[in-house]
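We name chains A, B, ... by the order of the sequence lines, and we start the count at 1 in each one. Side chains are part of it too, since the values below use all heavy atoms of this structure and drop only hydrogens, waters and symmetry mates.
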Amino acid sequence: MNNEFKSLQGMSDISGFEVNRWQEIETLAREVFLNNGYNELRTPILERSDLFLHSLGGSSDIVQKEMYSLKDRGGRDLVLRPEGTAGAVRYLASLGQAGLNERIYYLGPMFRCERPQAGRKRQFHQVGVENPSEPNPFVDAECIALQCELLKKWGISDFSIRINTLGSEEDKNNVRDRLLKELEKFSDILSPEQQNRINMNVLRFLDSKDDNLKAIIDKLPDINEFMSVESRQYLQSVIRILQELGISVIHDQRLVRGLDYYKHTVWEITHNSLGSQNSLSGGGRYSIQSGRKEVNGVGFAMGIERIITAKYGDDIDYYKKEKDGFWIISLGEKSILENMKLAKKIREIGIRCGMELENKSMKAQLRKADKFNPACVLIRGENEISSNTIVIKNLDDSSQNEHNFNDWLESIKEKK
RNA sequence: GUGAUUGUAGCUCAGUUGGUUAGAGCGCCUGGUUGUGGCCCAGGAGGCCGCGGGUUCAAAUCCCGUCUUUCACCCCA
């Protein structure tokens with residue numbers, strides 16, 4: 001396609017049958033959230049840079065290299081939100097004590113300036129929830145259960161849930177120190193880039209996909225061993241509660257999350273039809289400093305593009321529209337205006353209705369009617385108007401009948 | 001940011017070792033006697049060959065740059 005008509009790299013138009021899929025996913029999500037007592041929150045897409053710097057952590061890749069940043073006219077540093085939690089937490093903190101009783105969900109576009117690949121866009125969409133709460137295994141488990149309910153509602157079944165704990169703040173520090181110590185043994189075989197990564201955030205080293213690194217990772221001790229008994233029991237409780245709820249999860253000691261704000265329970269849901277970016281969702285418990293307030297909570301985010309791929313794959317033909325409503329054919333200039341009045345009446349009754357506004361041949365109008373996909377075609381040219389009749393044509397078997405116009409109009413009102 | 005990969009009509013793609021007016025299928029439009037669709041037939045419209053440089057008598061074709069596509073890494077949903 002000519003560049004002139006192209007959208008930006010990694011950002012795409014969503015059109016046609018695809019839009020129907022999005023609407024279905026969104027509608028079902030809203031239904032589930034409503035039933036679980038979550039209210040929608042719509043935060044601005046543009047936020048101050050600080051918001052993400054403070055909550056996500058300066059070492060995260062999102063802050064380091066992926067934010068779309070700009071300055072407004074006052075010279076303030078702004079960014080297009082790269083994720084939803086920071087904005088939601090800002091809102092929750094603004095509510096003070098009242099924020100503790102809010103359960104919110106959000107749904108909308110996020111922006112990260114990365115190289116696009118399968119399952120990764122620069123403008124992508126997330127649906128997520130935030131549930132402010134002090135650490136509590138029941139709350140964490142409920143949050144995971146909510147996701148399972150959603151996935152089931154969407155008709156996605158082939159997924160697996162991996163879960164782990166990062167422990168308390170103190171545990172995180174212990175883990176960091178111990179891991180760094182362990183990794184010193186391998187310092188001579190690690191590249192400067194890998195060393196740098198380790199120094200930035202040791203934890204992230206654990207979920208590397210590189211085969212050479214995996215060999216090293218396999219030799220490292222289980223990070224849960226460096227944690228307090230309480231933290232380990234916390235995770236076990238979450239797993240047990242989920243089991244009771246009929247949800248099986250995999251305890252993966254190597255699972256970590258890239259954002260600094262996570263602590264205690266973290267999890268990830270993957271789907272095996274997705275390719276390299278196979279994560280449908282990530283979630284966890286966090287503690288975020290927002291202004292002078294600290295917000296504790298648990299939440300998750302799911303990538304809508306990935307959900308749609310997981311659900312439909314390459315099935316192009318899904319969402320063939322049902323035949324519905326009427327297509328009006330006019331014959332002669334004078335009948336067009338009369339039929340506009342008719343279309344208005346039909347739509348007011350609540351019936352889908354389309355018509356051709358140019359004075360085209362019957363043939364051209366019938367061809368166009370096929371594309372509108374109506375239940376039947378109404379033929380009302382100048383002849384019919386003068387005799388106060390209307391011809392109803394069925395597109396499936398080509399049968400057609402002539403009716404008295406007023407009687408017919410009354411009959412469709414009654415049917416509706 | 002790193003490494004590959006792609007770019008020709010609305011879509012899917014042909015296009016010989018550089019050689020004259022760049023093709024096909026699908027889709028679109030108009031017809032195939034007065035006002036009857038899908039099938040069939042005929043005709044038609046539609047291309048800065050991604051963009052910019054270079055090599056050459058000559059470039060869709062070769063070289064360089066750039067943008068873009070797809071995929072992987074890093075990382076994340």
* NA contact type, A/Lys371, heavy-atom cut-off 4.0 Å: base, sugar-phosphate, or nothing? -> sugar-phosphate
* Is it true that A/Lys71 and A/Asp77 make a salt bridge, defined as a side-chain N closer than 4.0 Å to a carboxylate O? -> yes
* **Distance below 4.0 Å between A/Lys363 side-chain N/O and B/rG38 OP1 or OP2** => no
* Asked: B/rC73 phosphate, OP1 or OP2: any side-chain N/O from A/Gln277 under 4.0 angstrom?
  -> yes
* To do: Considering just the side-chain nitrogens and oxygens of A/Ser361, establish if one lies under 4.0 Å of OP1 or OP2 belonging to B/rU30.
  => no
* Structure fact -> Regarding the side chain of A/Arg367, the nearest nucleotide among B/rU36, B/rG37, B/rA77 is B/rG37
* Structure fact -> Regarding the side chain of A/Leu366, the nearest nucleotide among B/rU36, B/rG38, B/rA72 is B/rU36
* **Interatomic distance, A/Asp13 CG vs B/rU68 P [rounded to whole Å]** => 15 Å
* Counting just side-chain N and O atoms, does A/Arg257 come under 4.0 Å of either OP1 or OP2 of B/rA77? -> yes
* To the nearest Å, give me how far apart CZ (A/Arg115) and C1' (B/rA77) are. => 20 Å
* Structure fact -> Atom CG of A/Asn196 and atom P of B/rU2 are separated, to the nearest Å, by 16 Å
* Within the 6.0 Å centroid threshold, strictly below: A/Tyr105 and A/Tyr38 -> no
* Whole Å only: how far is the CZ atom of A/Phe17 from the P atom of B/rC11? -> 15 Å
* To do: Tell me what A/Gln194 touches on the nucleic acid: a base, only sugar-phosphate, or nothing, going by heavy atoms under 4.0 Å.
  => nothing
* **Distance in angstrom units between A/Glu358 CD and B/rU30 P, rounded** => 9 Å
* Is A/Glu268 salt-bridged to A/Arg162, cutoff N-O under 4.0 Å? -> yes
* Ignoring backbone atoms, test whether A/Gln9 places a side-chain nitrogen or oxygen under 4.0 Å from the OP1 or OP2 oxygen of B/rC67. => no
* Could you tell me whether the phosphate oxygens of B/rA77, OP1 or OP2, come under 4.0 Å of any side-chain nitrogen or oxygen in A/Gln126? => no
* Asked: Quick one: A/Arg122 CZ to B/rC67 P, roughly how many Å, whole number?
  -> 11 Å
* Using a cut-off of 4.0 Å on non-hydrogen atoms, how would the nucleic acid contact of A/Ile329 be classed: base, sugar-phosphate, or nothing? -> nothing
* Specify the separation, in whole Å, of atom CD1 of A/Ile392 and atom P of B/rU36. => 18 Å
* **Short side-chain N/O contact to B/rC73 OP1/OP2 from A/Lys209, under 4.0 Å** => yes
* Give one of base, sugar-phosphate or nothing for A/Gly10, where a contact means two heavy atoms less than 4.0 Å apart. => sugar-phosphate
* To do: Indicate, yes or no, whether a donor-acceptor pair under 3.5 Å links the base of B/rU36 to the side chain of A/Lys393.
  => yes
* **Charged tip of A/Arg380 within 45° of A/Phe405 ring normal and under 6.0 Å** => yes
* For A/Leu206 and B/rC74, give me the distance from atom CG to atom P, rounded to whole Å. => 13 Å
* To do: Both distances under 3.5 Å, Watson-Crick or G-U wobble: report the partner of B/rC28, or none.
  => B/rG44
* **A/Ala301 side chain, from C-beta outward: closest of B/rA77, B/rC71, B/rU30** => B/rA77
* Asked: In terms of side-chain geometry, is the basic nitrogen of A/Arg30 or A/Glu40 positioned less than 4.0 Å from the acidic oxygen of its partner?
  -> yes
* Pair A/Glu142 + A/Arg103: basic N to acidic O under 4.0 Å -> yes
* Verify the contact: side-chain N or O of A/Ser276 to OP1 or OP2 of B/rC73, cut-off strictly under 4.0 Å; return yes or no. => yes
* **Ring centroid separation A/Tyr312 to A/Trp22 under 6.0 Å** => no
* Please tell me which of A/Gly119 and A/Lys65 maps to the more 5' nucleotide of RNA chain B, matching each residue to the nucleotide holding its nearest heavy atom. => A/Lys65
* Using a 4.0 Å heavy-atom cut-off across all strands, classify A/Ser60 as base, sugar-phosphate, or nothing. => nothing
* Structure fact -> Taking for A/Gln117 and for A/Asp207 the nucleotide of RNA chain B with the nearest heavy atom, the one nearer the 5' end belongs to A/Gln117
* To do: Decide yes or no, distance alone: a donor-acceptor N/O pair under 3.5 angstrom between the base of B/rC67 and the side-chain of A/Lys6.
  => no
* Establish, with yes or no, whether the OP1 or OP2 oxygen of B/rU36 is under 4.0 angstrom from a side-chain nitrogen or oxygen of A/Gln400. => no
